[in-house]
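Remarks on the structure that follows.
Order of the sequence lines sets the chain letters (A, B, ...), proteins ahead of strands, with each chain counted from 1.
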There are 2 protein chains.
Amino acid sequence: MARRVKTPPQPKSNLDARKATILEAVVVEHVDTAQPVGSSSVAQNADLVVSPATVRTEMVALEREGYLAQPHTSAGRVPTDKGYRYFVDHLEAGVLGPAQQRQIKEFFAHVRGEVEDVLEQTSLLLSHLTSYTSVVVGSGHSHATVLSVQLVNLDARHHLLVTVFSDGTVTKHSVLASFEADHVEVSEASRQLNALLIGTTLEAKVQVPSRGDTIAKLVREAVSLLHAEMPTMEGEQVYIGGSAKVADVFEGVETVRKVLGILEQELLVVSLVEDILDKGVTVAIGSEHGFEPLSSCAVIVAPVSLDGETIGAVGLLGPTRMKYQEVMAAAEAVSKHLTTHFGGENERA
Amino acid sequence: MARRVKTPPQPKSNLDARKATILEAVVVEHVDTAQPVGSSSVAQNADLVVSPATVRTEMVALEREGYLAQPHTSAGRVPTDKGYRYFVDHLEAGVLGPAQQRQIKEFFAHVRGEVEDVLEQTSLLLSHLTSYTSVVVGSGHSHATVLSVQLVNLDARHHLLVTVFSDGTVTKHSVLASFEADHVEVSEASRQLNALLIGTTLEAKVQVPSRGDTIAKLVREAVSLLHAEMPTMEGEQVYIGGSAKVADVFEGVETVRKVLGILEQELLVVSLVEDILDKGVTVAIGSEHGFEPLSSCAVIVAPVSLDGETIGAVGLLGPTRMKYQEVMAAAEAVSKHLTTHFGGENERA
DNA sequence: TGTTAGCACTCGATTTTACCGAGTGCTAAC
DNA sequence: GTTAGCACTCGGTAAAATCGAGTGCTAACA
């Protein structure tokens, strides 16, 4: 039962100033200590000038309204998902520490290489920066156009279809033909494929030759292979950085196992991140993403765009008890840098 | 201090039959129960017809010789690395369960797609089969020959060098030129590159044009990019399956964290596997691989070859307390299947 | 009416103690 | 060389005792 997150922020979450302060104090302390927070530490800590007793009264109210929970009688309070949600919704944009800022600048000043490499490195950066597990997603090339297609023959029946797209990605497909084709025929097929496909996107229909000769058959085979890729997630790239952090950050072997298991299924991770992005949200807390096995996790995402188009995302996965401000700032900073990195690179207008 | 593993098996490991039986019983039971093993259970269990007291005497000897250890006085015995080593050295080849055999057959009968996909799937198979973490390594294409080179231009200064090798791998390299080049020049460079490189390996030196024109510069740039790849591990492929199993199989969060951290550094994993392969060994137990952070692990490897050449390996990583027989059988079976899978595919002689 | 001090009470966490028993090493008899 | 017998060790578990952080409630207070 996923809690729906609407674009208008905090539909009815209106807490008076003091309750808000108390909630915030509880979140901050609990994130820091991982322990239930008692009334007295809140009373001292925050810039409230009230007694613990008053705080207690407020806490009872906050609990009734679902922002806090009590692990058991006579323990302190712990934020609920709803409590965290209020907290992040009312978080003013965090600033990154100077050391981290420098680290990011440094990184993007020196990083080079293929897009794939950059994304992979970025995922490591993010994970180092935040000490949570990071996910970097590069969207598939659904509206990239074909720059070049080439059919290379390995032997009489095996060929390799290599396609270059305008976004710089390269795909390969094995073509296993039921008939033999020689070098000349393959070259000709290659030429025809180029003529046919260059400039098109994979979504576009193309007119394939219906003749029955070897060349036409090769062409048809190749085109269908390429287009078969579309409906699947193929072409999506996922880079997961710091999965070892899972063991640090979650307590309980069971949780660790579950989260690691999820991370292994990269398709799942991609769709999770994209779901969250689609909702227009940057943070999904606990059950909000509607993905039960990760109900003790929070996921923070930030889109990476190019020409107004979302071409990927960076994400961070940690426990709901997470340093939201820092992590959100890091995700945002990195996604911005990535955006300009690719933007600057592709100045081919 | 890595224990050297020489080709001549068990240099001085000669235990009389009874000691061997006892050691074996201890290993088997401890692998099964994860508990120290006492003299009485050994006396009952094994087909020894001696009393616990006798077993105890033998155990004292085995401990003195370094095959067994005692967690503390008045606990049972636990095998040492040396104990496990003796055990696996004297293991007759295990047979796979019929269910597993079927699973493997099934898998290789139905698997298709690119080599990379097959290897990745295989790593999942292995991990399912054994419930340990698996590592599948594909060697780089160091002696594959170039089948095709193509330079595709993205814009005036950005080009993409796409190379197809005889082993079916495809690489891409961004070429960022300091000068502009038009479509025609790039095509010509592409043509020349083909003439120059087709049929060569990346190890071979080629005669690049020394002229100063755009085309020659492009060609030189491309060739140097390709050759720069060689010394690094690039081209190595690693597929790790079931890293979540780490959390099941090792006790202690600390160990889990450490092992996961290692697994993240894929280069490390590759070199570990290749080290073990180089030693001509199939099992590295505990400190044998000389890699301290994995001192509580055993690694089982099996090479995958093609035409007598080792083209990759499958590996399994678990605790030293591991089901060696089963796992070795699985690794061997899968590596055999992989070998014939690729062997059968590439019948282009 | 909202705030606070006071207080009895709860209940998980920690420490203490007691105890059990699996397993050992040794010795003496077979 | 093997075995039964036996005293001894020591980790693991369970029961008991204790502690104290934190609560909810009530009554007094501003």
Query raised in the report: Is Ser74(A) near enough to dA21(D) that one of its side-chain N or O atoms lies under 4.0 angstrom from OP1 or OP2?
Result: no
Query raised in the report: Between Arg18(B) and dT2(D), does any side-chain N or O lie under 4.0 Å from OP1 or OP2?
Result: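 Yes, within the criterion.
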Name the closest nucleotide to the [X] side chain, picking from [options].
X	options	value
Ser51(A)	dG6(C), dG12(C), dA5(C)	dA5(C)
Ser40(B)	dT23(D), dG5(D), dG23(C)	dG23(C)
Arg77(B)	dC10(D), dG24(D), dG25(C)	dG25(C)
Val60(A)	dT3(D), dC11(C), dG24(D)	dG24(D)

Report task. Would you classify Val49(A) as touching base, sugar-phosphate or nothing, given that sugar-phosphate means primed atoms plus P, OP1 and OP2, and contacts are heavy atoms under 4.0 Å? Result -> sugar-phosphate
Query raised in the report: More 5' along DNA chain D: Thr73(B) or Thr57(B), using each one's nearest nucleotide?
Result: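 Here Thr57(B) is the residue nearer the 5' end.
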Report task. Measure the acute angle between the ring planes of His90(B) and Tyr86(B), then classify it against the limits of 30° and 60° as parallel, tilted or perpendicular. Result ->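 Parallel: the ring planes of His90(B) and Tyr86(B) meet at under 30°.
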Report task. Send over the distance from Met59(B) CE to dC26(C) P, rounded to a whole Å. Result ->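 So the two atoms are 15 Å apart, to the nearest Å.
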Query raised in the report: Can you tell me how far P of dG24(D) sits from CD of Glu58(A), to the nearest Å?
Result: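 For the pair Glu58(A) CD and dG24(D) P, the rounded distance is 13 Å.
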Report task. Classify the side-chain pair Ser51(B)/Thr54(B) by whether it contains a donor and acceptor separated by less than 3.5 Å. Result -> yes
Query raised in the report: Between Ala330(A) and Leu96(A), which heavy-atom pair has the shortest distance, and what is it?
Result: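 Minimum heavy-atom contact is N-CD1, 3.6 Å.
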